[in-house]
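The structure appears right after this line, and notes come after that.
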2 protein chains.
Amino acid sequence: MATVEPPPSASAPLDGRELRAWRGLLRAHASLCKALDAELEAAHGLPLTTYEVLMYMHDAPSRKMRMCDLAESILLSRSGLTRLIDRLQRDGLVARQSCDSDARGAYAVLTEAGVRTLDEARATHLAGVRRLFLEKLTAEEQELLGDAWERVLPAPGGCAGATPGDDCC
Amino acid sequence: MATVEPPPSASAPLDGRELRAWRGLLRAHASLCKALDAELEAAHGLPLTTYEVLMYMHDAPSRKMRMCDLAESILLSRSGLTRLIDRLQRDGLVARQSCDSDARGAYAVLTEAGVRTLDEARATHLAGVRRLFLEKLTAEEQELLGDAWERVLPAPGGCAGATPGDDCC
């Protein structure tokens, strides 16, 4: 496949410091997610990805989010998110709501049953996040991490590239 | 389901600093992986997870890794990894090798074709990691992140809990 070659310096091997920062991020994220997922599954039968989707909706105004904003917030394709929301809708934890500008279902709304499920799981999850992650960092390190993530994250875009078929308005 | 309640302080809501550090990690990881995956797919037809699996094997002694160590290194279940390795074996990028102590295939070995595929993709990937992540951080911040990840990561365990059926020896 045709690609534009990046300049050599940009594609040079990572040095030790860069490797520790980048691979450490990948490994720490994988390790934390596996441990937190296992805790949530064991205590509440809830996978971590489901917990995160419910949590983003819980914190959104009117407890509802556009499907595309949800897909942007977590590491799921739009089709993967659509399947997950289908399942949560069948379980009664989430409802779909249409947009004013579009007759198809394009918002996901947390139901009362969803709020209860989330409340039950949250104590387990937050205790795990503290024990496995936050307690390993000083307050200064937590601040620095928060600053770093803000620089790494792109400015909120709002469904760039979405088309009507994407279950997004 | 029966659960042991954590003490109230451990499960109190996260404060602003904790939220920025924790949610920022989740969002930054998701955003980086989506962008890097899209770049690798567009330029080389290679998903990021496949790239990571090939890369871990490339850096291992004799370019081979135990299946369980691979599964620990990335965010994949053992069954998900087994399916991915099946696919890579069909494509000729990876071969299976049995353990001395176990007749079943339990190591994955990078082939010469796997090395070539990885070499082609690496320039694209490293340029993306630099542009999207490392260049947003000072050298001191990279050091501090590396230190933090080492505290967050559990000590290497080596296939704890693996059973023979797990494609692991």
Side-chain angles (χ1 to χ4, degrees), chain A residues 1 3-8 10-14 16-35 42-45 52 72-75 122-127 129-134 136-137 139 141-154, chain B residues 1-3 5-8 10-14 16-35 42-45 52 72-75 122-127 129-134 136-137 139 141-154:
Chain A
M1 262 166 271
T3 79
V4 178
E5 275 304 311
S11 59
L14 301 186
R17 189 188 64 223
E18 292 173 322
L19 264 181
R20 286 174 69 236
W22 170 242
R23 285 236 183 141
L25 166 61
L26 297 181
R27 297 188 74 124
H29 178 271
S31 164
L32 287 166
C33 288
K34 274 192 181 177
H44 306 281
E52 284 178 14
E72 282 297 308
S73 301
I74 56 171
L75 191 55
R122 194 178 307 159
T124 303
H125 181 67
L126 292 184
V129 170
R130 285 206 164 84
R131 190 181 75 257
L132 299 168
F133 178 63
L134 293 168
K136 315 265 184 175
L137 305 170
E141 289 172 331
Q142 290 177 13
E143 282 289 1
L144 189 140
L145 273 184
D147 293 345
W149 302 140
E150 279 172 18
R151 268 173 281 143
V152 168
L153 280 165
Chain B
M1 262 165 270
T3 78
E5 275 304 311
S11 59
L14 301 186
R17 189 187 65 222
E18 293 173 321
L19 265 181
R20 285 175 68 237
W22 171 241
R23 284 235 183 142
L25 166 62
L26 297 181
R27 297 188 74 125
H29 179 270
S31 163
L32 287 167
C33 287
K34 273 192 181 177
H44 307 279
E52 284 179 13
E72 281 298 307
S73 301
I74 55 170
L75 193 55
R122 194 179 307 161
T124 304
H125 181 66
L126 292 184
V129 169
R130 285 206 164 83
R131 189 181 76 256
L132 299 168
F133 178 62
L134 293 168
K136 316 266 184 173
L137 305 170
E141 288 172 333
Q142 290 177 12
E143 282 288 0
L144 191 140
L145 273 184
D147 292 346
W149 302 140
E150 278 172 20
R151 270 173 281 142
V152 167
L153 279 165

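Here is how names work: the chains are called A, B, and so on, in the same order as the sequence lines, proteins then strands, and each is numbered from 1. Side-chain atoms are counted along with the backbone in the values below, which use heavy atoms only and exclude waters and symmetry mates. Just so we're clear, the structure is a prediction, and the values are computed from it rather than from any experiment.
- Taking A/L32, A/L144, A/L153 one by one and counting their heavy-atom pairs under 4.5 Å with chain B, the maximum is reached by A/L153.
- With a 4.5 Å cut-off on non-hydrogen atoms, B/A35 does not touch chain A at all.
- Closest approach of B/L137 to A/A148, counting heavy atoms only: CD2-CB, 3.6 Å.
- Here the side chain of A/R130 pairs a donor or acceptor atom with the backbone of B/A10 at under 3.5 angstrom.
- Side-chain atoms of A/R20 and B/L145, non-hydrogen and from C-beta on, never get closer than 4.5 Å to each other.
- Counting heavy atoms from C-beta on, the side chains of B/H29 and A/L26 come closer than 4.5 Å.
- When atom types are taken as modelled, the side chain of B/W22 and the backbone of A/L134 share no donor-acceptor pair closer than 3.5 angstrom.
- The most heavy-atom pairs under 4.5 Å with chain B, out of A/D147, A/L132, A/L25, A/L19, come from A/L25.
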| field | CA sep, side-chain torsions, deciding dist, call: A/E52, B/R23, salt bridge (Lys or Arg N to Asp or Glu O under 4.0 Å) | value | CA-CA 10 Å; A/E52 284 178 14; B/R23 284 235 183 142; over 6 Å; no

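- The pair A/R17-B/E141 fails the salt-bridge criterion, with no side-chain N (NZ, NE, NH1 or NH2) lying under 4.0 Å from an Asp/Glu carboxylate O.
- Pairing each heavy atom of A/A28 with each of B/W149, the nearest pair is CB-CE3, 3.5 Å.
- Proximity of A/K136 to B/E150: side-chain heavy atoms (C-beta onward) are nowhere separated by under 4.5 Å.
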